[in-house]
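Here the structure is a predicted model, which means the values were calculated and not measured.
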Amino acid sequence: MATSTWRLPLLRRTLLHLSFPPPPFFQLSPFSAPLNQPKFKHSLVQCSSISIEEETTSSKYIHSEIPKTTRKLSWKPMCLYHTQGKCTKMDDPLHLEKFCHNCSVELGESVSELNSLQAQEFDYFLVLDLEGKVEILEFPVLLFDAKTMDVVDVFHRFVRPTKMSETRIKEYIEGKYGAFGVDRVWHDTAITFEEVIEQFEEWLRKERDGRINLWREDGDGHLNEAAFVTCGNWDLKTKVPQQCEVSGMKLPPYFMEWINLKDIYLNFYHRRAPGMLSMMKELRIPPLGSHHLGIDDSKNIARVMQRLLRDGALLQITARRVPDSPNTVRFFFQNRIK
């Protein structure tokens, strides 16, 4: 497929001279502090031929203190080789029993029976939750179908920093992912941000069920009938532009606008929630997985979005960059989370 007209080869891009404030440290929700973190058995199942060591499941996972819903939820850790297309154990029953290979967040009821659903402006939502304070370490995107109300595809990559020494990277990853027991997976699979964006654009070009792809790369370069959904403005307002600057890349045009779920939540329910866990607590949705593991957080954000849609919310663009002044972001909701 031809390369889009706006995009030069990634490694030859001219550094975009933008001035961004330093990245803020991720603020933990006050509701995350009391969460219990019981011990979890290490799996003895080797997940991928890439690694000669055993894969371990998340050693710390969220055990919700939120009152449980009437529907019993079954949870097991995601196979993080599978989310990146590198699992070689799909024919191993023991491995399949221990690890989840499905990012679905389907409702326990028929969509046709949900009378409050509104027709949405977009066919798809791309749920994004980045991880990494210095450089991006994890880039997960869930493709959520607004009609079926479920995740229909996933793009997930671990990202290797390019401006750090190997010693610093090792310390960084052990501190970030070692607590979850997935640092081995990160080292086996992490690629540079430039490579991640190249693969992400290939993923956006995919035709799904004979339908048009998600990216209008030959026009203005924006998404086609789709919008990013984030929990806050940090991911796309601050972190992606910073990473593009570090990587010597121009900011791709599909990152110019997004939906901040916090603003949608505030304006629909008329209640202020500072983060994902606080929204889940108020909606009585038990969190699943490891908090601050991006793929798990993305799935939990998708579950909050699913509830908003079920209750009748309309998901609209909440923020957009000014084309001629990329440092300037316009916010469209008067009541919003700062």
Side chains of [X] and [Y] in contact at under 4.5 Å (non-hydrogen atoms):
{"X": "F144", "Y": "V229", "result": "no"}
{"X": "Q120", "Y": "F125", "result": "yes"}
{"X": "K76", "Y": "K98", "result": "no"}
{"X": "Y265", "Y": "I337", "result": "no"}
{"X": "F155", "Y": "L204", "result": "no"}
{"X": "Q306", "Y": "I285", "result": "no"}

Expected output: side-chain W215 to main-chain G221 donor-acceptor under 3.5 Å:
yes
Would you confirm whether the ring centroid of Y177 sits within less than 6.0 angstrom of the ring centroid of F158?
yes
Do the rings of Y254 and F228 sit parallel, tilted or perpendicular, given the 30° and 60° boundaries?
tilted
Starting from F268, can I reach V127 by hopping between I/L/V/M/F/W/Y residues whose side chains sit under 4.5 Å apart?
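In one cluster: yes.
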Is there a continuous path of hydrophobic side-chain contacts, each under 4.5 Å between heavy atoms, that joins W258 to L251?
yes
Think R336 forms a cation-pi with F333, using NZ or CZ under 6.0 Å from the six-ring centre and within 45 degrees of its axis?
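Not flagged: R336 not positioned over aromatic ring of F333.
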Quick one: does NZ or CZ of R330 land under 6.0 Å from the six-membered ring centre of F332, within 45 degrees of the ring axis?
no
Among pairs that include at least one residue of residues 146-156, which meet side chain to side chain donor-acceptor pair (under 3.5 Å), considering only residues two or more places apart or in two chains?
T83-H156, S104-D150, D123-K147, E138-H156, D153-W203, D153-K206, D153-R208
Scan residues 159-171 for pairs that pass side chain to side chain donor-acceptor pair (under 3.5 Å), counting only residues two or more places apart or in two chains.
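Qualifying pairs: none.
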Taking ILVMFWY side chains as joined if any heavy atoms are under 4.5 angstrom apart, and letting links pass through other members, which residues group with M90?
L96
Closest heavy-atom contact between C103 and M78?
SG-CE, 3.6 Å
